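Along the sequence shown, residues carry numbers from 1. In listed order, ligands and their atoms are each counted from 1. Predicted, not measured: the structure shown is a model, and the values here were computed from it.
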Amino acid sequence: MKGKKIIVGVTGSIAAYKAATLVRLLVKAGAEVRVLMTPAAQQFISPLTLATLSKHPVHSEISSESAWNNHVEMGLWADALVVAPLTASTLAKMAHGICDNILVAVYLSARCPVFFAPAMDVDMWAHRSTQDNVKRLLDCGNHLIPVGVGELASGLIGEGRMAEPEDIVATLAAHFQSADTLKGRKVMITAGPTYEPIDPVRFIGNRSSGKMGIALADEAAARGAEVTLILGPSFYGPQHPGVTTIAVQTADEMYEAALMHFPGSDVAILSAAVADYRPQDTANQKLKKIADTLPIQLVKNPDIAAELGRLKTTKQLIVGFALETNDEIPNAKAKMEKKNFDFIVLNSLNDPGAGFVHDTNKISILHRNNKILHFELKSKTAVAADIIDEVATLLSDF
Ligand code: PMT
């Protein structure tokens, strides 16, 4: 935690008094702490208390007179933003980008990981609106510090207590520890679909959105890796500044880019849904609707994964993906063997919420020694963290 720059955001909850302990523990652990408060938070704890503990002025207004008054600057300064306690109201504002106080303005500007520790009464916490908002924050890649169970300010007993400051500090410490696990490593990722042109207007493609590979790129960069993302046509893109994106359209272009970047990479993660075939001929002009049928001769595309598997040295790792609809495990194992992957990530279209387009995925990781890890349905961000954990473990043996 030493030297880490942490912004603590405090909102108007009875649990705001715990923010004092949180700030004290962070400063004690060697972090540089700045505190932001919403107007309501000041009804529960004095800015002077938090300013004294953090040894810096507390900010509570978007247009403050102080020297450090730019919310963009604050968002870029931080290594982590932790909002604790987070009320239902500020949660809703963060989830929907309602930027009427400095805390939400900094949240929207921040490029660092964001942690949030909700605090509210049991029924407010259980309410569908609250849970939808939590999901929105998680889908944006933020980290939930789970609520505790116990007696609440109302006297009711149940879920909704803010996590203890010690647990919040432990979560941040674990995050910073894992943040360096890929430091100095180069990671190449293929993602998204490929589009194989029939004519200037039409193409053969598939349903991949690129979300899974983009989440992997952001996660690897967050762990300190230098990431090259070779991305087929996608409406989405990475958030992390440590990711360099190479945009491609066709399997051939993806193949060329992968061959160029693989030799300098420690790890290749191949999450792209590459078209196995392309039209043999591409018309220069838009094809006209004349005949009742239009045969299109297809020829095989290069198999990027198989070629990288052939080129792989003993100092490189390749992680493959398998998208299956039947005989999932045998099919995935066969692909892992054939393409010389170190492990393969299996997702099945038979699992609701898994595979293409969804913000969630449900995977199994198959290792070469027959070890299989099954994971529950999670956000693609959380799935990416599970996959990168496996990569980091294997790399530590190199
Ligand atoms: O992009 P999203 O909407 O988030 O969806 C994510 C995903 C479903 C596309 C992703 O999770 C996934 O499963 N990707 C692999 C899909 C696939 O095409 O698998 P496959 O079983 O056909 O291919 C096996 C492996 O070989 C894959 O690592 C693939 O990238 C690679 N391959 C395949 C063909 C080819 N010509 N070149 C390759 O590199």
Side-chain angles (χ1 to χ4, degrees), residues 139 141 188-196 204-219 229-238 248 250-259 261-262 265 267-278 298-312 317-366 375 377-384 386-387 391:
D139 288 347
M188 184 192 95
I189 297 171
T190 66
T194 62
Y195 285 0
E196 311 298 329
I204 295 175
N206 61 63
R207 297 177 198 281
S208 171
S209 62
K211 287 179 185 174
M212 188 66 251
I214 290 167
L216 283 160
D218 278 332
E219 182 64 27
L229 173 66
I230 305 172
L231 180 61
S234 169
F235 293 112
Y236 307 95
V248 297
T250 64
D252 262 338
E253 288 171 16
M254 190 174 274
Y255 178 73
E256 291 304 326
L259 281 194
H261 289 277
F262 183 61
S265 303
V267 183
I269 306 179
L270 309 175
S271 68
V274 186
D276 287 323
Y277 293 89
R278 67 175 182 278
L298 299 178
V299 292
K300 250 189 182 166
N301 269 329
D303 190 321
I304 303 166
E307 182 58 12
L308 299 188
R310 200 181 63 73
L311 296 172
K312 184 176 80 158
L317 265 185
I318 302 185
V319 177
F321 268 72
L323 178 66
E324 302 296 338
T325 56
N326 59 291
D327 300 321
E328 286 94 336
I329 295 214
N331 282 340
K333 274 187 175 167
K335 280 178 189 168
M336 173 166 62
E337 292 294 333
K338 188 171 162 211
K339 305 195 185 196
N340 196 17
F341 296 149
D342 292 272
F343 68 84
I344 192 159
V345 179
L346 164 65
N347 41 193
S348 168
L349 287 186
N350 295 320
D351 289 322
F356 291 133
V357 181
H358 303 290
D359 290 323
T360 50
N361 204 358
K362 185 171 188 300
I363 62 157
S364 300
I365 292 182
L366 282 65
F375 296 84
L377 185 77
K378 298 178 180 187
S379 70
K380 280 185 174 161
T381 305
V383 170
D386 290 335
I387 295 168
V391 167

For ligand 1, is there an N or O atom under 3.5 Å from any N or O atom of [X]?
X      : answer
Ser208 : yes
Lys339 : yes
Ala272 : yes
Gly192 : no
Ala322 : no
Phe341 : no
Phe321 : yes
Asn347 : yes

Euclidean distance, [Y] [atom2] relative to [X] [atom1], rounded to 0.5 Å:
X      : Y      : atom1 : atom2 : answer
Thr194 : Asn301 : OG1   : CG    : 6.0 Å
Leu270 : Leu308 : CG    : CG    : 6.0 Å
Ile363 : Leu377 : CD1   : CG    : 11.0 Å
Ile318 : Ile344 : CD1   : CD1   : 11.5 Å
Leu349 : Leu323 : CG    : CG    : 4.5 Å

Is the backbone of His358 close enough, under 3.5 Å, to the side chain of Lys380 for a donor and an acceptor to pair up by distance?
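Yes; at least one donor-acceptor contact below 3.5 Å.
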Are any non-hydrogen side-chain atoms of [X] and [Y] less than 4.5 angstrom apart?
X      : Y      : value
Phe341 : Leu366 : no
Phe321 : Ile269 : yes
Arg278 : Asp252 : yes
Val391 : Phe343 : yes
Glu328 : Asn350 : yes
Leu259 : Leu311 : yes
Ser379 : Asp359 : no
Asn326 : Asn331 : yes

Where ligand 1 meets [X] - atom numbers and elements under 4.0 angstrom, heavy-atom basis:
X      : result
Val357 : 2 (P), 3 (O)
Gly210 : 1 (O), 2 (P), 3 (O)
Lys211 : 1 (O), 2 (P), 4 (O)
Asp303 : 35 (C), 36 (N), 37 (N), 38 (C)
Lys380 : 2 (P), 3 (O), 4 (O), 5 (O)

Worked check of side chain to side chain contact (heavy atoms under 4.5 Å, CB included) between Asp276 and Lys300
CA-CA 6 Å; Asp276 287 323; Lys300 250 189 182 166; over 6 Å; no
Could you tell me whether Val345 approaches ligand 1 through its side chain, its backbone, both or neither, with non-hydrogen atoms closer than 4.0 Å?
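It is neither; nothing of Val345 touches ligand 1.
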What do you reckon, does [X] put a non-hydrogen atom under 4.0 Å from ligand 1?
X      : result
Ser271 : yes
Pro302 : yes
His358 : no

Would you mind checking which non-hydrogen protein atom is closest to [atom], with the distance to 0.1 Å?
atom                    : answer
atom 2 (P) of ligand 1  : Ser209 OG, 3.3 Å
atom 21 (O) of ligand 1 : Lys335 NZ, 2.4 Å
atom 28 (O) of ligand 1 : Leu270 O, 2.6 Å
atom 31 (C) of ligand 1 : Ala305 CB, 3.7 Å
atom 6 (C) of ligand 1  : Met212 CB, 3.6 Å
atom 18 (O) of ligand 1 : Ala273 CA, 3.6 Å
atom 19 (O) of ligand 1 : Leu323 N, 3.6 Å
atom 34 (C) of ligand 1 : Asp276 OD1, 3.4 Å

